[in-house]
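Below: the structure, in structure tokens.
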Number of protein chains: 2
Amino acid sequence: MKMVAARAGVSVATVSFVLSGRPSGRVAASAETAERVRAIAEELGYRPNQAARAVRTGRSGLVLLSLTQLSDPWCQSVSQAVSAAASGHRLQPLILADGDWGDVLDGQPVDAAFLDAASADDLPRIRTLVDRGLQLIVFSDDLEPDGFDVIRSPQRPGCELAMAHLLASHSRIGCLTGTDPDRPGWHREHAYLDALQQAGIERRPDDLQRYTRDQVGVYEAALRMLDREDRPTAVFAASDFAAITAINVALRLGLSVPDDLAVVGVGNTEEGALMHPSLTSAGPTDFFASLAELIITVAGRPTDHRPRRHDFPWRVHLRESSPA
Amino acid sequence: MKMVAARAGVSVATVSFVLSGRPSGRVAASAETAERVRAIAEELGYRPNQAARAVRTGRSGLVLLSLTQLSDPWCQSVSQAVSAAASGHRLQPLILADGDWGDVLDGQPVDAAFLDAASADDLPRIRTLVDRGLQLIVFSDDLEPDGFDVIRSPQRPGCELAMAHLLASHSRIGCLTGTDPDRPGWHREHAYLDALQQAGIERRPDDLQRYTRDQVGVYEAALRMLDREDRPTAVFAASDFAAITAINVALRLGLSVPDDLAVVGVGNTEEGALMHPSLTSAGPTDFFASLAELIITVAGRPTDHRPRRHDFPWRVHLRESSPA
DNA sequence: TTGTAAGCGTTATCAC
DNA sequence: GTGATAACGCTTACAA
């Protein structure tokens, strides 16, 4: 910056004013000066040192996304949506993969941070960060906003809706679900089991098929459930991916969807919406885009933002695989 | 820091010296002073501002991983390995997902950066960064080291090895490969086709099965290839995942692996090594751990590191699915 | 419209 | 063994 100033025959302050482009008390710079400064900066390949800027202004242009399971498509969607929303805002999202967000946020000055999971145990550390002025957005089914934003999108009632939808027209319902719990504390198959019980329908062992993490497992679990005379007439799948597989297996077995088999997924992914037949799925609406917009907005305006709760209730998104 | 110094009755310099723990010309601090400073810092919840530290020292403690496809298991392995290697080194790896590394590295001072792809077109920008003192590690089949490290792990000769291995004992070889190119410029099926041609073996259309990105597709492609009398006696799969699926399909069809069907994968993943029967696979050895170690070492020692080329040649790792 | 100078939080040098 | 002090690169209130 000093070099640019010298070469342009102006002061460092003027260079800063011209290049940072922010209103800093000064009113304007002459078009001529500004042009000259910009040209020389370009020629010299000057790039502002963000760390120094951060020391002075307290703003680094960084947005931290703390994501637990990089392999989870959910995380990939978050990352993608935030990147898209950030472009043009001079904000750079970076991902902390399965790391200790406390360590990073303690030292690195970031403009905003998103935590994909947090419990009451984390509240003390969250409090410290918030007190220090960090803009925090937390995805949590338990926490309430308190100086930080909370994204609330509870699965359980959504899964119940999906089961209620199926129970309206079916009494033989299968469940296709993963073996390892998606989130601690509650498994999606509970929504299935509880709904059956409340409807007074006896549970048939073969109608609940669990698959292991890997993808071949889903295919085989779907076959176990569907490749028999006495198959269910509807399937509640614990993820859209499993639902899509179930539909593929059904079609392969010569069944018609939804006539011979109705299918409902969970997650309301784009993939499900685009397939044929399109997939009925329980999930929040516009989740990723709205979340991303919130993060970027909050990062941009440290001041006039009042943290609150953002509810993304789950709906059953009716599509071809299981119409109304 | 000022507050800590005041409360401890020492100067800011002493606090810095005690807490940063680095040799800065000073020799030592009295145990008593050091203890008092640490206690007060703890009590006040003092955390060093990394941005300010970076301004002064030029080191931020950040390592940037620029990864193109977050959904690619390869990226997840890189991330995981680097995180593991970084712990205990006061280095924090952060991921830039499918973003413009130039933008980030221009401004944010990071101690080292890894680029998962770069071509000759990127050389000017790379040069600028290197000149500015950035430690850069680039995964590339073309570039040569020049102030930055190059990770070289060429697929093509590795895939040729795999085909040569199969051709030693088989003449009917199938190929299971994805439809979308893994990396630009060359598809793994070319290794298959070229090897067949050079061996003077006629290519049978049904022996080459392409699958679409999604995982159900792999299962179905494997079925198309194997669920017929006139099936190949060996399969070259373009990824370990596809190879694992092929083995599962073969076993499901009542075939014995490797007696009825030999299978070779690509990537040398841990998953393949651990399955039963274990998977013969072409790939580099110790790739992720070595890469991670290199990145962390380079980030730690900006000075006495002479950038060079790091070769990870591909071998055929012989295991049960296709013994020697 | 521009320059001067103070200051952000930290570390390095040097004199005490 | 410790404290002043300058400096890192940048922004900004204020004076010119």
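Because the structure is a prediction, the values reported are computed rather than measured.
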Legend entry - Nearest-Å distance for atom pair CZ/P, residues F17(B) and dT13(C): 13 Å
Inset, instruction - Starting from P on dG9(D), measure out to NZ on K2(A) and report it in whole angstrom. - result: 7 Å
Legend entry - Distance in angstrom units between Q108(B) CD and dG9(D) C1', rounded: 14 Å
Legend entry - Carboxylate-amine/guanidinium contact E43(A) R38(A), below 4.0 Å: no
Inset, instruction - Please figure out whether T33(B) or V55(A) has its closest DNA chain D nucleotide nearer the 5' end. - result: T33(B)
Inset, instruction - Could you tell me whether the phosphate oxygens of dT11(D), OP1 or OP2, come under 4.0 Å of any side-chain nitrogen or oxygen in R53(A)? - result: yes
Inset, instruction - Tell me what S16(B) touches on the nucleic acid: a base, only sugar-phosphate, or nothing, going by heavy atoms under 4.0 Å. - result: base
Legend entry - Phosphate OP1/OP2 of dT2(D) contacted by S30(B) side-chain N/O (<4.0 Å): yes
Inset, instruction - Please state how far atom CZ in R132(B) lies from atom C1' in dG9(D), giving the value in whole angstrom units. - result: 13 Å
Legend entry - Q69(B)-S71(B) side chain donor-acceptor pair, cut-off 3.5 Å: yes
Legend entry - Whole angstrom value for the distance that separates C1' of dA4(D) from CE of M1(B): 14 Å
Legend entry - Pairing of D100(A) and R125(A) as salt bridge, 4.0 angstrom limit: yes
Inset, instruction - Could you state the atom-to-atom distance from CZ of R36(B) to C1' of dT2(D) in whole Å? - result: 11 Å
Inset, instruction - To the nearest 0.5 Å, tell me how far D106(A) CG sits from L134(A) CG. - result: 10.0 Å
Inset, instruction - Check the surroundings of atom CZ in R90(A): do more than 12 heavy atoms from other residues, nucleotides or ligands lie under 6.0 Å from it? - result: no
Inset, instruction - Counting heavy atoms from C-beta on, name the nucleotide in dT10(C), dC8(D), dT11(C) closest to the side chain of P48(B). - result: dT10(C)
Inset, instruction - Kindly calculate the angle separating the two end axes of the helix from dT1(C)-dA16(D) to dC16(C)-dG1(D), each obtained from five base pairs, and round it to 10 degrees. - result: 40°
Legend entry - Toward the 5' end of DNA chain D, by each residue's nearest nucleotide, T57(A) or G9(B): G9(B)
Inset, instruction - For G107(B), answer base if it contacts any base atom (sugar-phosphate contacts may also be present), sugar-phosphate if it contacts only those atoms, and nothing otherwise; contact means non-hydrogen atoms under 4.0 Å. - result: nothing
Legend entry - Nearest-nucleotide pick for A13(A), side chain only, options being dT11(C), dA5(C), dG9(D): dA5(C)
Inset, instruction - Check every atom of dC10(D), dT2(D), dT4(C) against the side chain of T14(B) and return the nucleotide holding the closest atom. - result: dT2(D)
Legend entry - Among dC10(D), dA4(D), dT12(D), the nucleotide that comes nearest once only the side chain of S11(B) is considered: dA4(D)
Inset, instruction - Could you tell me whether the side chains of T68(B) and D116(B) share a donor-acceptor contact shorter than 3.5 Å? - result: yes
Inset, instruction - Using whole Å, report how far CZ of R47(A) lies from C1' of dC8(D). - result: 20 Å
Inset, instruction - Among the candidates dA5(C), dG3(D), dC10(D), find the nucleotide nearest to the side-chain atoms of V10(B). - result: dG3(D)
Inset, instruction - Calculate the interatomic distance between L19(A) atom CG and dT12(D) atom P; express it in whole Å. - result: 14 Å
Legend entry - Minimum-distance nucleotide (side-chain atoms of R56(B) versus dT4(C), dT11(C), dC10(D)): dT11(C)
Inset, instruction - Please name the pair of heavy atoms, one in A292(A) and one in A85(A), separated by the smallest distance, quoted to 0.1 Å. - result: CB-CB, 3.9 Å
Legend entry - Aromatic ring proximity F139(A)/W74(A), centre distance under 6.0 Å: yes
